[in-house]
2 protein chains.
Amino acid sequence: MARPQWTVPAHQVLRVGPDFRLGDLDHRATPGWGAGRTAAKERMAAAGDELSDLQERLFAHGRTGGSRSVLLVLQGMDTSGKGGIVRHVIGMVDPQGVQHRSFGVPTDEEKAHDFLWRIRRALPRPGMIGVFDRSQYEDVLVPRVHETVPAEIWEERYERIVDFEREVVASGTTIVKVVLAISPEEQRERLAARLDRPDKHWKYDPGDLDERLLRPRYAEAYQAVLDRTSTDLAPWHAVPADRKWYARLAVSELLLHGLEELRLEWPAANFDVEAEKARLAAQPW
Amino acid sequence: MARPQWTVPAHQVLRVGPDFRLGDLDHRATPGWGAGRTAAKERMAAAGDELSDLQERLFAHGRTGGSRSVLLVLQGMDTSGKGGIVRHVIGMVDPQGVQHRSFGVPTDEEKAHDFLWRIRRALPRPGMIGVFDRSQYEDVLVPRVHETVPAEIWEERYERIVDFEREVVASGTTIVKVVLAISPEEQRERLAARLDRPDKHWKYDPGDLDERLLRPRYAEAYQAVLDRTSTDLAPWHAVPADRKWYARLAVSELLLHGLEELRLEWPAANFDVEAEKARLAAQPW
């Protein structure tokens, strides 16, 4: 499908390759998109229609015995805009076809199991678009930064995750992994805005400021995630997120690309269409 | 909130009282709404904004320890437009705050349990809007019409459901029950349209025509549902659904009313706002 305004498609320009350095990322940049904010809004609306169409094909595919699904994995610091992506990107498709799951601090039940247990249970069913707001990656970020589990434990998790994702992809799920990257200045502004607005106080947690001081350690932990888990089967995409409109547009395109790659046709009728028309015509009402 | 174009609010005019007869319903009527289709579209957009705002308050309430939630129960024959309600009404709010569940023919695991087992597991968590596409009511409709279980079994289910809903309401969930009612003529047209369009064949099941012949028995079974389970705590609303735009507008208003009745304010900050502003200002980045 034509993407006239992307000079390089989002899934190429944002893809994390072996030489990618998170520290070199320009958080206000709009890679691949030179047409500005107003054109982005128009493109978002068009992408929404395309997403809607493909989501319905995927859903139809699932309802007729198909095994495909798509999983969007969203990672990023507090205020990086994960919630806005869900509202404005995922909000463009039929809620019937969406399985959304937020992963917070593990519950006692979750802690009693392997770290992938809660992840497996939340995988999208055939025909569905799954959305993970945080994910399996929390378990190589938080424990590493806070040193709450021994290094041997989180060390082996990178490979566990790569193996797990290989298995998920083999079962028919396309994984679209996105890290939303904001600058410390932008994060400060967004936190200040939450503090200024009483209708946003519920989103604020004093602990967020303590986490924020650990930013250098998180940067290091994120770099390790990108280095060790951006595979050909499930590559990472690093999205500069200081400009919300760009982040939302970029994730729309990444998701759209994942759906397009499935090349789904409408399922063929598994019944005799003409015979059914005749049956319907013969009914008394 | 002002509803200038509703002559009688939807939750009043559509409410199923003791004298309601499903057989007397005019499926093309637009009770309470005399302003036509174009004005309905405008009102839908405004209702969407109000729904969005209240859904976010509800979500905030759930995130700060509140126990309230809202459950929309959708019932109706094939092609009555349940899916369209989900897409066009529920699609107006943040997917993060929605728990959608379709209930089909019970699985083997579900059959091994009491009929309310799968229903309980799908109830909305605090702060969420739950949507049931079909529900506990399937178990007093399908078995009664098809005589697949003895009458003593489904007979006692009406009271079980009323008790169950009383318990659900007591736990903090507002239940909004909607039956979408379409005429046999409109149903014929919608089924014919599915047969005419290859992109809709996946929605068609030859069994739908057999079910359709049972319409008089379903009408009787639905009337019993309305007679026996439209309670003050969880009343039914009968929505004429031959005009899709009316059904969608009406359900938007019913859901909005349910949310408004909660009278939710934004949760107060549980931290010292000024102290946090000072802490943020003192951070190095």
Side-chain angles (χ1 to χ4, degrees), chain A residues 52-53 56-57 59-61 63-64 83 86-88 90-100 102 131 133 183-185 187-188 191-192 194-206 208-209 212-213 215 266-277 279-281 283-285, chain B residues 52-53 56-57 59-61 63-64 83 86-88 90-100 102 131 133 183-185 187-188 191-192 194-206 208-209 212-213 215 266-277 279-281 283-285:
Chain A
S52 248
D53 176 73
E56 194 179 349
R57 285 174 195 241
F59 191 77
H61 168 86
R63 287 285 283 271
T64 51
V86 174
R87 182 162 212 137
H88 298 280
I90 302 303
M92 295 193 293
V93 308
D94 190 344
Q96 240 180 123
V98 172
Q99 269 179 265
H100 173 274
S102 292
V131 182
D133 180 341
S183 63
E185 297 76 23
Q187 192 184 35
R188 177 196 296 269
L191 286 168
R194 284 188 184 173
L195 286 168
D196 278 339
R197 291 181 52 177
D199 63 332
K200 299 293 175 198
H201 284 164
W202 66 276
K203 289 190 179 186
Y204 183 88
D205 179 334
D208 296 348
L209 287 195
R212 198 167 173 275
L213 282 179
R215 188 179 168 103
W266 292 107
N270 56 3
F271 52 86
D272 180 337
V273 176
E274 295 309 316
E276 291 302 311
K277 285 183 186 176
R279 276 222 297 155
L280 177 60
Q283 288 198 340
W285 48 72
Chain B
S52 248
D53 175 72
E56 195 179 349
R57 284 172 196 243
F59 191 77
H61 167 87
R63 288 286 282 272
T64 51
V86 175
R87 182 162 210 136
H88 297 281
I90 302 302
M92 295 194 293
V93 307
D94 190 344
Q96 238 180 125
V98 172
Q99 268 179 267
H100 172 274
S102 292
V131 182
D133 180 341
S183 65
E185 297 76 22
Q187 191 183 36
R188 178 196 296 270
L191 286 168
R194 284 188 184 175
L195 286 168
D196 278 340
R197 291 181 52 177
D199 62 332
K200 299 292 176 199
H201 284 164
W202 66 276
K203 290 190 178 185
Y204 183 88
D205 179 335
D208 296 347
L209 288 195
R212 199 167 172 276
L213 282 178
R215 188 177 169 105
W266 291 108
N270 57 3
F271 51 85
D272 179 337
V273 176
E274 294 310 316
E276 290 302 311
K277 285 184 185 175
R279 277 221 298 154
L280 177 61
Q283 289 197 340
W285 47 72

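Residue numbers begin at 1 in each chain, while the letters A, B, ... track the order of the sequences. These values consider heavy atoms only, across backbone and side chains, with no hydrogens, waters or symmetry-generated copies.
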Among [options], which has the most heavy-atom pairs under 4.5 Å with chain B?
options	value
A:Val93, A:Asp94, A:Val98	A:Asp94
A:Val86, A:Leu209, A:Asp133	A:Leu209
A:Pro267, A:Ser52, A:Pro95	A:Pro95
A:Ala60, A:Ala275, A:Gly91	A:Ala60

Less than 4.5 Å apart, any side-chain heavy atom of B:Arg87 and any of A:Gln96?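 No. Closest side-chain heavy atoms not under 4.5 Å.
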Close side-chain approach of B:Lys277 to A:Asp196, heavy-atom, < 4.5 Å: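 Of all side-chain heavy-atom pairs linking A:Asp196 with B:Lys277, at least one is under 4.5 Å.
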Just checking, any donor-acceptor pair under 3.5 angstrom between side chains of A:Arg212 and B:Gln283?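 Short answer, yes.
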Which atoms of A:Asp272 approach chain B - backbone, side chain, both or neither, heavy atom under 4.5 Å: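 Contact with chain B is absent: no heavy atom of A:Asp272 under 4.5 Å.
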List for me each residue that meets side-chain contact (heavy atoms from CB on, under 4.5 Å) alongside A:Ser183, sequence neighbours excluded, and say none if there are none.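 Checked A:Ser183 against side-chain contact (heavy atoms from CB on, under 4.5 Å); matches are A:His27, A:Glu185, A:Glu186, A:Asp242.
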Answer with side chain, backbone, both or neither: which region of B:Asp208 has an atom nearer than 4.5 Å to a non-hydrogen atom of chain A?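 Neither part.
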Given 3.5 Å as the limit, does a donor-acceptor pair link the side chain of A:Arg279 with the main chain of B:Pro206, or not?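 Looks like yes, one N/O pair under 3.5 Å.
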Ignoring hydrogens and geometry, is there a side-chain-to-backbone donor-acceptor pair from B:Arg188 to A:Leu280 under 3.5 Å?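 Checked: pair present.
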SB check B:Glu56 A:Lys200 (cutoff 4.0 Å):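 Answer for the salt bridge query: yes.
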Restricting to non-hydrogen atoms, name the atom on A:Trp285 and the atom on B:Leu213 that form the minimum distance, rounded to 0.1 Å.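 Smallest heavy-atom distance, with atoms named: CZ2-O, 3.4 Å.
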Nearest heavy-atom pair of A:Pro198 and B:Trp266: which atoms, and what distance?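 Minimum heavy-atom contact is O-CB, 4.1 Å.
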Distance in Å, [X] [atom1] paired with [Y] [atom2], rounded so as to fall on 0.5 Å steps:
X	Y	atom1	atom2	value
B:His201	A:Thr64	NE2	OG1	13.0 Å
B:His100	A:Gln99	NE2	CD	11.5 Å
A:Phe271	B:Leu195	CZ	CG	5.5 Å

Under the side-chain hydrogen bond (donor to acceptor under 3.5 Å, both in side chains) rule, collect the residues that match up with A:Asp199, sequence neighbours excluded.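 With neighbours one apart ignored, the set is A:Arg197.
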